[in-house]
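Counting starts at 1 for both ligands and their atoms, in listed order.
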Amino acid sequence: MRVSPAELRIESLGDCEHNSPLSATSSVQFVEDERRVLIQHEVLPGDEIHRDLSLEKAGPRRRIFFDPNTTTAAIVTCGGLSPGLNNVIRSIYLELRHTYGVRRVLGIQHGYQGLNPAIGEPPIEIHGEFVENIHHLGGTTLGTSRGPQDPTLVVDFLAQSEIDILFCVGGDGTQRGAGIIAQEIERRGLLKSVVGVPKTIDNDIPFVSLSFGHITALEEAEKVLRAAHTEARGAVGGVALVKLMGRDAGFIAAGAALASQDANFVLVPEVPFPLEGEDGFLYALEKRLQDRGHALIVAAEGAGQHLFPQPRDRQDASGNTLLHDIGGLLRERIMIYFRERNIPMTLKYIDPSYIIRSVPANAWDQILSNHMARRAVHAAMAGKTNMMIGYWDSEFVHVPICSAVAQKKKMDLSDDLWQGVLRSTGQPHW
Ligand code: F6P
């Protein structure tokens, strides 16, 4: 990841004139702004250590910017679902209410739509009863939508509703939207904080080594792979093809395959593969069937887009280019290939689609989402803005939104994840 020290600087609304209410708690560990987490975790002998290439560590500050007695915060959840969204809503509320004593917390309904009164429903007041059991539920109790709203209307709305802090929970599209709102707030000279909590089952946000919901989605996907493997083993020339989410990065496909240890081919956006010819996927599949009689293929939805004549020219509301259906293409080409060669083959195609992301968070994602949410509150109360919580080298950090959305995180093919996939599948090194 190429980034300069200036691009890692966190914006602040001004001097922190209030003592944190946490000062009354003896065991609390305050974090000074000077405490930083290095971007480069590994050094070779002779390497220089770039201290300025580091991220501000997240956590409670001794002095805070907002007076909790007069502060109103709002939470918005946007984009696709991810296990842990309700945990984030609940933990943000609880931290604001019980740690800081903030009395008014609003829930914005259905994503950024809810910040535009012309089309959105009004916010709801979040209270203890509202959040009591939501952490056991999948989805988001606030609802979600894709796409930005006019930042001038949004900031008008924040001003009219006297909202001082906006927590934006979502993926890169959401964080980009949050950054635009923060810029409009700054342009008007208003003292409002915008803090993001990164969310995506795809795990493709820079400076977030693991996003909440990803591990739960992997677990669900791995169950599907187990079923698919059973199907493939039971049939004559059994081939199970599973398409999993993962638009720009193959973390879900690779992670689920590595967890299952049953996959024989893992196709991801980061690795373009040939379909035909002696080096191609179809020939390798034929060999696999000859040797072992069954095969499990895992394809990320963003894999193999180079096999289509042209990229699709349509985008979803978040600005993501819509994908061609790699599952459909592989299914058809596998059928044709084996039919033409008269090789007995039974294909089972499974697309679990949304099933892997609409479930409640597992224990790890409950913990991760809680940590991120509470740190987002500490950052916002300290007057930090235009930033997102990151997770780097097992530490929670502050990341300027513009750096978080400048690129997409992809799998590093020399890393343990992909190397582990290559070892466990034995698939060709395309
Ligand atoms: O961003 C996460 C994700 O689950 C992607 O893997 C997938 O392409 C996308 O969301 C689909 O979401 P939706 O159909 O809600 O736009």
When the side chains of residues 243-255 are checked against the rest of the protein, which donor-acceptor pairs come out under 3.5 Å, sequence neighbours left out?
from: Lys243; atom 1: NZ; to: Asp325; atom 2: OD1; distance (Å): 3.0
from: Asp248; atom 1: OD2; to: Lys408; atom 2: NZ; distance (Å): 3.0

May I have the list of side-chain donor-acceptor pairs in residues 143-152 shorter than 3.5 Å, sequence neighbours left out?
from: Thr144; atom 1: OG1; to: Thr77; atom 2: O; distance (Å): 3.4
from: Thr144; atom 1: OG1; to: Gly79; atom 2: N; distance (Å): 2.9
from: Thr144; atom 1: OG1; to: Gly79; atom 2: O; distance (Å): 2.7
from: Ser145; atom 1: OG; to: His110; atom 2: O; distance (Å): 2.8
from: Arg146; atom 1: NH1; to: Ser318; atom 2: OG; distance (Å): 3.0
from: Gln149; atom 1: OE1; to: Asn116; atom 2: ND2; distance (Å): 3.0
from: Asp150; atom 1: OD1; to: Thr152; atom 2: N; distance (Å): 2.9
from: Asp150; atom 1: OD1; to: Thr152; atom 2: OG1; distance (Å): 2.7
from: Asp150; atom 1: OD2; to: Thr152; atom 2: OG1; distance (Å): 3.2

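Contact shell of ligand 1 (protein heavy atoms, cutoff 4.0 Å): Arg146, Ile201, Asp202, Met245, Gly246, Arg247, Glu301, Tyr354, Arg357.
For Phe273 and His306, the ring centers are positioned less than 6.0 Å apart. Separation of the His378 and Tyr100 ring centroids falls under the 6.0 Å cut-off.
The existence of a salt bridge linking Asp172 and Lys409 is excluded, since no basic side-chain nitrogen approaches an acidic carboxylate oxygen closer than 4.0 Å.
Within the structure, side chain to side chain donor-acceptor pair (under 3.5 Å) contacts touching residues 187-196 (residues at least two apart or in different chains) are Asp156-Arg188, Glu184-Arg187, Glu184-Arg188.
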